[in-house]
J.: 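Here's a structure for you.
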Amino acid sequence: MVSFSAVAKRYRGGEEALKEVTFSVEPGELVFITGRSGAGKSTLLKLIPAIERPSSGAVIVNGQNVGALKGSAIPYLRRNLGLVFQDQKLLYDRSVFENVMLPLAFSTHSTNEASRRARAALDKVGLLARERSNPIQLSGGEQQRLAIARAVVNRPSILIADEPTANLDAESARRIVDIFVEFNQVGVTVLIATHDQGLVTQYGKRLLHLEGGRVQ
Amino acid sequence: MKAWLRQHRHAFARALPRIELLNVVVIGVALALPAGGYALLESVRAVAGRLAVEPQISVFLDAKRTNVDALGTILKRDPRVVRLRYIPRDQALKELGAVQGMGELVAALGRNPLPDAYVVTTSEENLESLAKDVAKIPGVAQVQADALWARRLATLARLARTALWLLAGVLGAALIAVTFNTIRLQILTQRDEIEVSKLIGATDGFIRRPFYYAGLLQGLAGGALALVIVGGSLALLNREVRLLAESYGSDFRFAFPREPDSVAFLVLAGLLGWLGAHLSVSRHLKEIEPR
């Protein structure tokens with residue numbers, strides 16, 4: 001489903017964020033990518049939806065070589081992925097419901113079906129009662145749950161989360177990871193980057209530890 | 001197809017609030033100048049057409065010596081003659097009497113002093129040579145070539161037309177610049193939304209579409225306002241023009257551009273707005289990550 005083969009990523013200026021990274025993630029697997037700040041976790045996750053391109057090596061997602069994809073094909077790749085970011089990237093001039101509707105605006109679903117899916121996603125993360133609120137009125141944990149609802153509303157086969165529990169208290173962080181685990185239990189492949197190794201070890205899932213841009 | 005239409009409806013709905021009234025006013029005022037100029041020029045051209053804008057020669061005949069039909073045949077055979085009109089002396093007097101203020105003078109004449117005449121329409125380059133040749137034909141009393149008048153009028157018309165095209169070009173470029181800048185500001189203010197849309201799988205087309213609609217609609221609205229300004233201005237001008245024209249026995253009025261011209265003008269304004277949006281979007285969307 002996702003495989004990295006001898007992937008390296010060098011940024012302009014010569015900084016090498018990833019070195020010879022090789023691993024693969026099977027369908028339905030949940031993998032925690034751990035490591036300290038600057039270990040290359042975010043860079044690794046950005047290579048999957050082609051936010052960044054590898055300098056060398058191959059990144060294969062759902063059978064497609066992401067590094068070789070044309071720019072016009074990238075949006076269609078991203079529609080099959082659910083992305084959750086540390087800073088959530090919510091739109092604060094829209095309601096909770098409208099934020100979740102955003103990925104459905106360019107889907108083929110009818111307006112009724114899109115609304116139904118958006119509400120189902122909000123229900124899944126426990127925010128249906130807040131659908132008319134503005135994201136600014138939500139707590140940090142709720143904002144992260146809203147970001148998850150937006151990521152899953154298109155029912156992606158792969159969920160990718162970059163430090164989704166950063167800046168959250170322990171209880172909220174656990175609740176966020178629990179949500180990802182629930183999605184994984186229904187067959188969604190999940191990759192979560194986190195520096196909080198203590199939080200993720202209790203789930204007994206696969207850990208991929210990065211250090212200095214290499215998988216340990 | 002349904003999804004495609006829905007996306008366009010969505011883009012259209014998102015574009016509507018992006019149209020800024022002040023920009024529409026700026027565009028409308030700017031476009032009103034060439035549109036108004038065009039309306040004035042077309043009105044004057046219509047009148048000038050009636051007054052013989054084309055180079056003409058008036059051939060006055062010697063009443064005692066001329067065989068009118070024979071002279072007409074000679075003139076018709078000349079390849080330089082584009083059109084030929086015979087004006088008998090009685091008709092000439094009647095036409096003179098119909099001119100405002102001339103009726104009493106004509107009535108006081110007692111007899112008709114005017115000769116029979118041919119009015120020969122030719123091309124500008126043949127005007128002088130034809131006039132010289134016609135003057136040599138027996139039975140022709142006098143030839144009057146309206147070369148200077150025709151040349152001056154034609155030159156003035158060309159000058160006005162060129163000036164109008166230049167003005168339209170400059171103001172069209174201004175429309176593009178206004179739209180370019182408006183869309184640039186909209187892209188800047190919606191940077192977060194564009195970034196998020198790109199991250200969750202929006203195509204370039206999906207992101208660009210509302211901006212294209214905004215440019216198109218802004219251009220159309222500006223064009224429509226320009227036509228309203230032109231219509232209003234012409235109506236005001238015509239109040240005075242009517243009085244002036246009536247004193248010369250004329251029904252001259254400044255005419256609003258014809259329907260096809262107005263539609264073409266609106267389409268052009270919309271296209272220029274779209275072009276401004278396209279240039280702005282092409283340049284500024286690239287700056288927003290992720291690409």
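These numbers come from a predicted model, not from an experiment. Lettering follows sequence order; numbering is per chain, from 1.
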J.: Is it the side chain or the backbone of A/Pro103 that comes within 4.5 Å of chain B heavy atoms, both, or neither?
T.: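 Contact with chain B involves both backbone and side-chain atoms of A/Pro103.
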J.: How about residues 109-122 of chain A versus chain B: which residues have heavy atoms under 4.5 Å apart?
T.: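 Heavy-atom contacts from residues 109-122 of chain A to chain B are A/His109, A/Ser110, A/Thr111.
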J.: With a 4.5 angstrom heavy-atom cut-off, which part of A/Phe85 approaches chain B: side chain, backbone, both or neither?
T.: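 Side chain only.
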J.: Can you list the residues of residues 199-209 of chain B that sit under 4.5 Å from chain A, counting heavy atoms only?
T.: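 Near chain A, by residue number: B/Leu199, B/Ile200, B/Gly201, B/Ala202, B/Thr203, B/Phe206.
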J.: Most heavy-atom pairs under 4.5 angstrom with chain B, which of A/Glu52, A/Lys46, A/Arg94?
T.: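 If we count pairs closer than 4.5 Å to chain B, A/Arg94 comes out on top.
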J.: Heavy-atom count around B/Leu22 CG within 6.0 Å, excluding the residue itself: above 12?
T.: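 Result for CG/B/Leu22: open.
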J.: For A/Leu83, which atoms come within 4.5 Å of any heavy atom of chain B: side chain, backbone, both, or neither?
T.: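 For A/Leu83, side-chain heavy atoms alone lie under 4.5 Å from chain B.
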J.: Can you tell me how far NZ of B/Lys198 sits from CD1 of A/Ile74, rounded to the nearest 0.5 angstrom?
T.: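 Those atoms lie 10.0 Å apart.
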J.: In terms of heavy-atom pairs under 4.5 Å with chain B, which of A/Ala105, A/Ala151, A/Gly71 leads?
T.: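 Answer, by heavy-atom pair count under 4.5 Å with chain B: A/Ala105.
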